[in-house]
Number of protein chains: 2
Amino acid sequence: MGDYLEYARIFKALGNPKRAMIVDMLSCGELCACMILEKFEMSQSTLSHHMKLLCECGLVKGRERGKWTYYSLNTDTISKTKQFFCDITSAKENCICKEGADCCKGCDEND
Amino acid sequence: MGDYLEYARIFKALGNPKRAMIVDMLSCGELCACMILEKFEMSQSTLSHHMKLLCECGLVKGRERGKWTYYSLNTDTISKTKQFFCDITSAKENCICKEGADCCKGCDEND
DNA sequence: CAATCATATTGAAACTTTTCGATTTGAAGC
DNA sequence: GCTTCAAATCGAAAAGTTTCAATATGATTG
């Protein structure tokens with residue numbers, strides 16, 4: 001944890017329903033761009049842009065073969081991102097919540 | 001899976017490094033808004049806006065007690081979101097990759 | 001009940017994202 | 001070597017996000 005900028009880049013990429021859907025489509029194997037394009041109402045340049053974002057954040061890998069580009073998931077990045085959710089659902093030491101904020105002293109009792 | 005819009009809403013909320021950090025801060029317990037504000041160089045209205053987005057997507061819950069608002073993680077949403085990563089890392093039946101796209105017939109052999 | 005304090009809302013400026021059509025690049029086929 | 005095809009890049013328009021200062025709301029305190 002700590003590298004919030006890198007996590008945020010990945011989440012930003014997933015923060016578009018079409019890109020989330022593309023990632024899901026790639027989850028059972030490699031697909032070429034033209035095949036992904038067939039499933040969406042979207043121009044070729046728009047898809048290309050989405051794929052670029054998915055690749056840049058490390059979620060997706062592109063493999064060029066002649067005229068075609070094949071895309072697949074980068075499982076390392078996905079595991080790492082999944083870890084974010086494990087980290088935020090397990091208690092930690094040295095957490096910010098252990099330090100007191102002056103403005104809130106004594107608030108906890110009003111429960 | 002399938003509810004890409006709802007997932008995207010959550011990922012969009014996490015797709016800002018400050019909001020990702022706030023979520024991490026909340027991971028070991030409830031914090032009041034003023035305490036979160038102390039840890040950031042950010043105006044009070046900006047923080048309020050970020051907290052609203054985090055609440056609206058269901059990641060965070062707000063609890064009002066007098067003047068203060070306490071925020072905490074909504075573990076149900078977090079578990080559900082974690083599931084997205086489980087889903088995309090396990091093979092599936094009836095996947096889009098099983099259907100052929102005309103433009104790509106025969107591409108697979110060029111490996 | 002007026003003042004104070006913690007948050008929320010509003011409105012505006014700056015910046016980023018989304019999308020498209022047009023153009024470019026670069027491989028394959030004739 | 002020209003044509004065709006798949007994908008990337010460019011430039012622009014529209015929409016959305018981020019941030020702040022100012023103001024509003026509503027609870028608490030004197």
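Owing to the predicted nature of the structure, the values given are computational and were not obtained by experimental measurement. Reminder, nothing fancy here: chain letters follow the sequence lines and each chain counts from 1.
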Indicate, with a heavy-atom threshold strictly under 4.0 Å, whether Thr69(B) touches base, sugar-phosphate, or nothing.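 Sugar-phosphate contact only - Thr69(B) comes under 4.0 Å of backbone atoms but never of a base.
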
Give a yes/no on whether any side-chain N or O of [X] is located under 4.0 angstrom from OP1 or OP2 of [N].
{"X": "Arg65(A)", "N": "dA6(D)", "answer": "no"}
{"X": "Ser48(A)", "N": "dA7(D)", "answer": "no"}
{"X": "Lys67(B)", "N": "dT25(D)", "answer": "no"}
{"X": "Thr46(A)", "N": "dT19(C)", "answer": "no"}

Report yes if some heavy atom in the side chain of Met51(B) is under 4.5 Å from a heavy atom in the side chain of Thr69(B); otherwise report no.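 Heavy-atom side-chain distance check fails, nothing below 4.5 Å.
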
Are any of the side-chain heavy atoms of Ser79(B) and Asp76(B) separated by less than 4.5 Å?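 In short, these two side chains do not touch, never coming nearer than 4.5 Å.
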
Rounded to the nearest 0.5 Å, how far does [atom2] of [Y] lie from [atom1] of [X]?
{"X": "Thr81(A)", "Y": "Phe85(B)", "atom1": "OG1", "atom2": "CZ", "answer": "5.5 Å"}
{"X": "Leu14(B)", "Y": "Leu59(B)", "atom1": "CG", "atom2": "CG", "answer": "5.0 Å"}
{"X": "Lys61(B)", "Y": "Tyr71(B)", "atom1": "NZ", "atom2": "OH", "answer": "14.0 Å"}
{"X": "Lys12(B)", "Y": "Leu53(B)", "atom1": "NZ", "atom2": "CG", "answer": "10.0 Å"}

Checking side-chain hydrogen bond (donor to acceptor under 3.5 Å, both in side chains) for the pair Ser43(B)/Thr46(B): CA distance, chi angles, key distance, verdict? CA-CA 5 Å; Ser43(B) 74; Thr46(B) 298; 2.9 Å; yes

Can you tell which of [options] lies closest to the side chain of [X]?
{"X": "Ser45(A)", "options": "dA7(D), dA22(C), dA21(D)", "value": "dA22(C)"}
{"X": "Ser43(B)", "options": "dC20(C), dC20(D), dT7(C)", "value": "dC20(D)"}
{"X": "Lys18(B)", "options": "dC20(C), dA8(D), dT19(D)", "value": "dT19(D)"}

Determine whether a donor-acceptor pair (one donor, one acceptor, N or O, separation below 3.5 Å) exists between the side chain of Gln44(A) and the base of dA8(D).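 Present.
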
Axis-to-axis angle for the helix from dC1(C)-dG30(D) to dC30(C)-dG1(D), ends of five pairs each, to 10°, equals 20°

Which residues in residues 10-17 of chain B have a heavy atom closer than 4.0 Å to any atom of DNA chain D?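 Within this stretch, Lys12(B), Asn16(B) sit under 4.0 Å of the strand.
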
Determine whether the aromatic ring centres of Phe11(A) and Phe84(B) lie less than 6.0 Å apart. no

Whole-Å gap separating [atom2] ([N]) and [atom1] ([X]):
{"X": "Trp68(A)", "N": "dT4(D)", "atom1": "CH2", "atom2": "P", "value": "16 Å"}
{"X": "Met21(B)", "N": "dT18(D)", "atom1": "CE", "atom2": "P", "value": "17 Å"}
{"X": "Leu47(A)", "N": "dA7(D)", "atom1": "CG", "atom2": "P", "value": "9 Å"}
{"X": "Phe40(A)", "N": "dT19(C)", "atom1": "CZ", "atom2": "P", "value": "11 Å"}
{"X": "Leu31(B)", "N": "dT7(C)", "atom1": "CG", "atom2": "P", "value": "11 Å"}

Would you call Lys80(B) and Glu6(B) a salt bridge, using N to O less than 4.0 angstrom? yes

For DNA chain C, determine which residues of residues 49-57 of chain B have any heavy atom closer than 4.0 angstrom to one of its atoms, and list them numerically.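 Here the set is Lys52(B).
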
So Leu47(B) and Ile22(B), side chain to side chain contact (heavy atoms under 4.5 Å, CB included) or not? Walk me through it. CA-CA 10 Å; Leu47(B) 177 67; Ile22(B) 290 168; 3.8 Å; yes

